[in-house]
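Written out below as structure tokens is the structure these notes cover.
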There are 2 protein chains.
Amino acid sequence: MVKRTSFENDDCPIARSLDAIGDWWSLLIIREALFGSRRFGEFQKSLGLAKNILTVRLRALVDQGILKMAPASDGSAYQEYLLTPKGRGVFPILVALRQWSEEFDDHPDEIATILVDKEKGRPVRKLELYSQDGRLLTAADTALKPRPGAKSSRKLRSISA
Amino acid sequence: MVKRTSFENDDCPIARSLDAIGDWWSLLIIREALFGSRRFGEFQKSLGLAKNILTVRLRALVDQGILKMAPASDGSAYQEYLLTPKGRGVFPILVALRQWSEEFDDHPDEIATILVDKEKGRPVRKLELYSQDGRLLTAADTALKPRPGAKSSRKLRSISA
DNA sequence: CCATCTGGTTTTATAATGCAACTACACAAG
DNA sequence: CTTGTGTAGTTGCATTATAAAACCAGATGG
């Protein structure tokens with residue numbers, strides 16, 4: 001039984017996020033949704049992915065509470081896919097991915113877009129991580145601590161259910 | 001030919017990042033590396049993944065300049081895997097994934113660790129995105145603009161080479 | 001009422017993932 | 001020098017995911 005090693009029972013929050021949105025298409029679907037796409041056909045055309053896969057991905061995102069389905073909006077008797085707050089919460093992840101690419105990609109000249117603030121139209125700053133007392137932190141300034149009331153799910157990896 | 005749709009020629013920086021580190025294990029390997037792992041066996045034991053897969057992942061990360069191999073360090077005639085600056089640059093992505101999980105996961109009580117600042121030992125703040133003139137931005141305050149000198153690689157998706 | 005659009009499902013293929021077993025090498029003990 | 005132990009892989013299947021393309025049913029539209 002191989003079952004694509006699920007991380008949903010792992011105690012690492014990064015692994016848990018990856019289990020939810022760490023596949024090839026989910027983040028791009030959420031990107032499109034944040035950018036305004038709502039309809040099956042919109043996602044399919046803008047991403048260029050096969051419809052069967054889009055079907056599966058959309059359903060999974062809805063199941064996880066990242067998207068929700070709404071009955072219509074433009075009159076047509078169809079439905080559309082809208083982001084939930086959980087879905088909109090993915091935004092910083094997308095920004096982090098974008099900025100990593102902008103900073104380290106070998107061919108930054110092929111990047112077609114820049115993220116700007118709507119009001120001034122100027123590029124945004126890099127994401128910043130602060131301590132509670134307002135110091136700017138790098139990776140080296142941080143550490144991991146066990147969470148006080150951790151339920152210790154004892155590394156249940158690869159549980160496949 | 002199905003070929004797992006490569007995004008490396010896409011003009012979206014998010015897609016490009018995903019192409020590099022968007023698989024299930026790469027980010028976790030980088031997490032372990034940031035946390036101090038250096039040796040093949042360390043990665044293998046802490047992540048619990050099959051050795052053949054670790055082999056492939058490590059090689060890919062080295063090829064992409066995210067890890068580099070160094071000859072030794074503890075005398076033993078083996079080698080170790082160290083993060084490059086590009087690899088350390090992944091840190092904000094991991095923080096964003098962690099914080100998304102902390103905020104939206106259905107079972108936050110199963111999360112075992114918290115990220116703290118080393119100096120005070122207190123949890124870090126949420127990642128923050130600022131405009132150049134210092135305003136705190138949300139997704140709704142941002143927009144995408146075409147990059148001035150964009151080389152327009154015309155949506156070359158699924159190129160498989 | 002025939003054509004077309006939307007939002008899928010089905011079929012069939014290829015590719016990725018995973019476990020387990022095996023190899024190769026270094027070094028140390030006996 | 002032979003056995004043992006740990007490291008760092010490779011090889012061989014089995015299972016699963018992903019993809020393209022064909023198909024299909026219910027609106028919409030002329």
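For the numbers below, each heavy atom of this structure counts, side chains included, while hydrogens, waters and symmetry mates do not. In what follows, chains are A, B, ... by sequence order, proteins preceding strands, each numbered from 1.
In this structure, Gln79(B) places its CD atom 8 Å from C1' of dA8(D), rounding to the nearest Å.
Under the 4.5 Å side-chain criterion, counting only non-hydrogen atoms from C-beta, Ser131(B) is not in contact with Lys120(A).
Set against dT10(D), dG7(C), dA8(D), the side chain of Phe40(B) has dA8(D) as its closest nucleotide. The listed nucleotides are dA19(D), dG7(C), dT17(C); the one nearest the side chain of Ile53(B) is dT17(C). The side chain of Thr55(B) sits closest to dT10(D) out of dT10(D), dG18(C), dG8(C).
Counted by atom type alone, Arg98(B) and Thr113(B) present one or more donor-acceptor pairs between their side chains at under 3.5 Å. Counting only N and O atoms by type, the side chains of Asn52(B) and Thr55(B) include no donor and acceptor under 3.5 Å apart. Residues Tyr130(A) and Glu128(A) bring a donor and an acceptor atom of their side chains to less than 3.5 Å of each other.
Among the heavy atoms of the strands lying under 4.0 Å from Tyr81(B) are primed sugar atoms or P, OP1, OP2 only; no base atom is included. Across all strands shown, Gln44(B) has no heavy atoms under 4.0 Å from either base or sugar-phosphate atoms.
The side chain of Trp25(B) places no N or O atom within less than 4.0 Å of a non-bridging phosphate oxygen (OP1 or OP2) of dT17(C). Contact annotation: Arg39(A) reaches the phosphate of dG7(C) (side-chain N/O to OP1 or OP2, under 4.0 Å).
Judged as a side chain to side chain contact (heavy atoms under 4.5 Å, CB included), and not counting sequence neighbours, the contacts of Asp105(B) are Arg16(A), Ser101(B), His107(B). Remark: Gln99(A) engages no residue in a side-chain hydrogen bond (donor to acceptor under 3.5 Å, both in side chains) (not counting sequence neighbours).
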Each base of DNA chain C marked ( ) or [ ] if paired in-strand (Watson-Crick or G-U under 3.5 Å), | if paired to another strand and . if unpaired gives ||||||||||||||||||||||||||||||
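Nearer the 5' end of DNA chain C, as judged by each residue's closest nucleotide, is the contact made by Arg57(B), out of Arg57(B) and Lys51(B).
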